[in-house]
Amino acid sequence: EDTLSYVTGSMESIQASCRYLLELPISLVCTGNPVNWDEIALAYGQIKQTILLGVGTGEEMLITKCDVQQVSNESEVYRHFLTQFEQYLETNDIEECKSIVIDLFQKLPNHYGIFAEVYYKIASLLLGHFNKLHHDDHGHSIDRLINIAAHQSKSEAIQILCDILEKLSLKRKGILDERTHRVIKKLNKHIPENLSKDLSLDTLANLVYMNPSYLSTLYKQYTGKNISDYITELRVEKAKELLKNTPFKIHEIAEEVGFSTSGYFTRFFKKHVGVTPQEYRN
């Protein structure tokens with residue numbers, strides 16, 4: 001008891017000195033009981049787990065006794081959290097995922113085994129989603145993700161999970177932007193080359209395997225203009241060029257820019273240019 005009193009008193013003094021002289025908060029934990037030499041590794045592991053799980057704010061802890069806790073079956077406590085987490089992960093709702101992670105670890109019992117089990121379940125889900133993206137440039141963050149012992153506190157472990165969630169979200173966004181770019185590029189190449197053909201929204205949507213309504217919204221978001229306006233601009237410019245530089249008749253030019261009748265083409269041209277095709281040519 002005298003030795004324990006001396007040790008805990010020294011811990012308080014060390015903590016206070018570090019705070020005052022180094023402006024450095026430190027946490028210290030003691031087993032509370034002496035251990036045999038061959039039990040030191042086990043005792044150290046228990047102390048480290050106590051530090052990792054923490055209590056209070058996790059800063060400047062001073063725990064004078066940590067006991068071995070029996071593992072209890074807490075699966076039901078976090079099962080629904082993990083189900084929700086996986087659902088939000090599928091929909092890329094990263095903020096909700098972060099909220100669940102923080103809430104979940106606050107509700108877990110202060111037991112290292114349960115903490116580790118839940119941590120690795122979440123880490124496994126994150127790695128699975130990275131692998132779905134065929135993403136192998138994990139770097140240092142993934143190394144830390146799969147090594148719970150690399151974290152010096154529970155809050156640090158939670159932070160790495162949140163950091164990886166952000167990386168996953170950015171990777172998904174990058175892939176989505178790349179796919180969107182390819183779709184827009186394909187359309188902007190196809191439309192000018194096929195002005196005489198059917199360029200209805202349904203036809204273009206089939207070309208890029210998208211829902212017409214979604215394609216229309218996507219094109220407007222990406223380019224700032226409606227796809228129908230883009231087609232109209234190209235048809236007007238192509239018609240002007242043919243009227244100025246070719247001897248084609250009006251009905252022939254109408255067919256070249258996608259109109260079945262010269263009357264419809266004339267009305268379309270006058271609406272957008274202000275004069276009829278013949279007046280423009282003259």
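Hydrophobic clustering (side-chain heavy atoms under 4.5 Å, transitive across Ile, Leu, Val, Met, Phe, Trp, Tyr) keeps V257 apart from I191. Hydrophobic clustering, with ILVMFWY side chains joined whenever heavy atoms are under 4.5 angstrom apart, groups L168 together with I146. With hydrophobic clusters built from ILVMFWY side chains whose heavy atoms lie under 4.5 angstrom apart, V275 shares a cluster with I250. I164 and Y120 fall within the same hydrophobic cluster, where Ile, Leu, Val, Met, Phe, Trp and Tyr residues are linked whenever their side-chain heavy atoms come under 4.5 Å apart, directly or through other members. Note: the hydrophobic cluster containing Y209 does not contain I227 (ILVMFWY, side chain heavy atoms under 4.5 Å, direct or indirect links).
Side-chain N or O atoms of S10 include one that pairs as donor or acceptor with a backbone N or O of Y6 at under 3.5 Å. Y119 places a side-chain N or O within 3.5 Å of a backbone atom of L145 that can act as its donor or acceptor partner. Side-chain N or O atoms of E12 include none that pairs as donor or acceptor with a backbone N or O of G9 at under 3.5 Å. For the pair E255 (side chain) and E252 (backbone), a donor-acceptor distance under 3.5 Å is absent. Checking side-chain atoms of S17 against main-chain N and O of S13 turns up a donor-acceptor pair under 3.5 Å. Checked by atom type and distance alone, the side chain of T217 pairs as donor or acceptor with a backbone atom of S213 at under 3.5 Å. Not one N or O on the side chain of S99 forms a donor-acceptor pair closer than 3.5 Å with the backbone of E95. Remark: side-chain polar atoms of Q15 are paired, donor with acceptor, to backbone N or O of I26 under 3.5 angstrom. Between the side chain of T8 and the backbone N or O of L4, at least one donor-acceptor pair lies under 3.5 Å.
What you find for A116 and I148 is that their closest heavy atoms are CA-CD1, 3.8 Å. Among all heavy-atom pairs drawn from I94 and S169, the shortest one is CG1-CB, 3.3 Å. Scanning both residues, F85 and L125, for their nearest heavy atoms gives CD2-CD1, 3.8 Å. Of all heavy-atom pairs between F269 and V236, the closest is CE1-O, 4.4 Å. For the pair L207 and K186, the tightest heavy-atom approach, listed with the atom from each and the gap, is O-NZ, 3.4 Å. Across every non-hydrogen atom of N226 and Y219, the tightest pair is C-CD2, 4.2 Å.
For the pair R235 and Y230, the cation does not sit on the ring face, since its NZ or CZ is not both under 6.0 Å from the ring centre and inside 45° of the axis.
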Chi angles and distances behind the side-chain contact (heavy atoms from CB on, under 4.5 Å) call for L89, L126: CA-CA 8 Å; L89 195 58; L126 292 175; 4.1 Å; yes

Working for side-chain contact (heavy atoms from CB on, under 4.5 Å), residues L104 and L82: CA-CA 9 Å; L104 172 56; L82 292 175; 4.2 Å; yes

side-chain contact (heavy atoms from CB on, under 4.5 Å) evaluation trace for E256 with L195: CA-CA 7 Å; E256 283 292 317; L195 289 176; over 6 Å; no

Stepwise side-chain contact (heavy atoms from CB on, under 4.5 Å) check, I160 with H151: CA-CA 9 Å; I160 189 64; H151 312 310; 3.5 Å; yes

Chi angles and distances behind the salt bridge (charged side-chain N to carboxylate O under 4.0 Å, His left out) call for K107, D103: CA-CA 6 Å; K107 285 180 167 58; D103 195 25; 2.8 Å; yes

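Looking only at side-chain heavy atoms (C-beta outward), T232 and H272 come within less than 4.5 Å of each other. You'll find the side chain of V183 reaches within 4.5 Å of the side chain of L215, heavy atoms only. Counting heavy atoms from C-beta outward, S216 and L201 have side chains that approach closer than 4.5 Å.
Between the CD atom of Q159 and the CD1 atom of I102 there is a distance of 8.0 Å, given to the nearest 0.5 Å. To the nearest 0.5 Å, atoms CD1 (I122) and CG (L165) are separated by 8.5 Å. Between the CD atom in Q84 and the CG atom in D93 there is a gap of 11.5 Å [rounded to 0.5 Å]. Taken to the nearest 0.5 Å, the CG atom of L199 stands 5.5 Å off from the CG atom of L204. Taken to the nearest 0.5 Å, the CZ atom of R267 stands 10.0 Å off from the CZ atom of F259. Note that OG of S262 is 11.5 Å distant from CD of Q278, once rounded to the nearest 0.5 Å.
For F248, the CZ atom is loosely surrounded, since the number of other residues' heavy atoms within 6.0 Å does not exceed 12. Under a cut-off of 6.0 angstrom, the local environment of OH in Y264 is sparse, with at most 12 non-hydrogen atoms contributed by other residues, nucleotides or ligands. More than 12 heavy atoms of other residues, nucleotides or ligands shown are found within 6.0 angstrom of NZ on K98.
Remark: of the listed residues K238, E241, R281, R281 is the sole one forming a side-chain contact (heavy atoms from CB on, under 4.5 Å) with I253.
A donor-acceptor contact closer than 3.5 angstrom links the side chains of D198 and S200.
With respect to E237 and K240, a salt bridge is recorded, a charged nitrogen being found less than 4.0 Å from a carboxylate O. Checked for salt-bridge contact, K225 and E233 meet the test: a charged N lies under 4.0 Å from a carboxylate O. In summary, K173 and D177 engage in a salt bridge, as defined by a charged side-chain N under 4.0 Å from a carboxylate O. Remark: K189 engages E193 in a salt bridge, criterion side-chain N to carboxylate O under 4.0 Å.
Taking the ring centroids of F265 and H251, they lie at or beyond the 6.0 Å cut-off.
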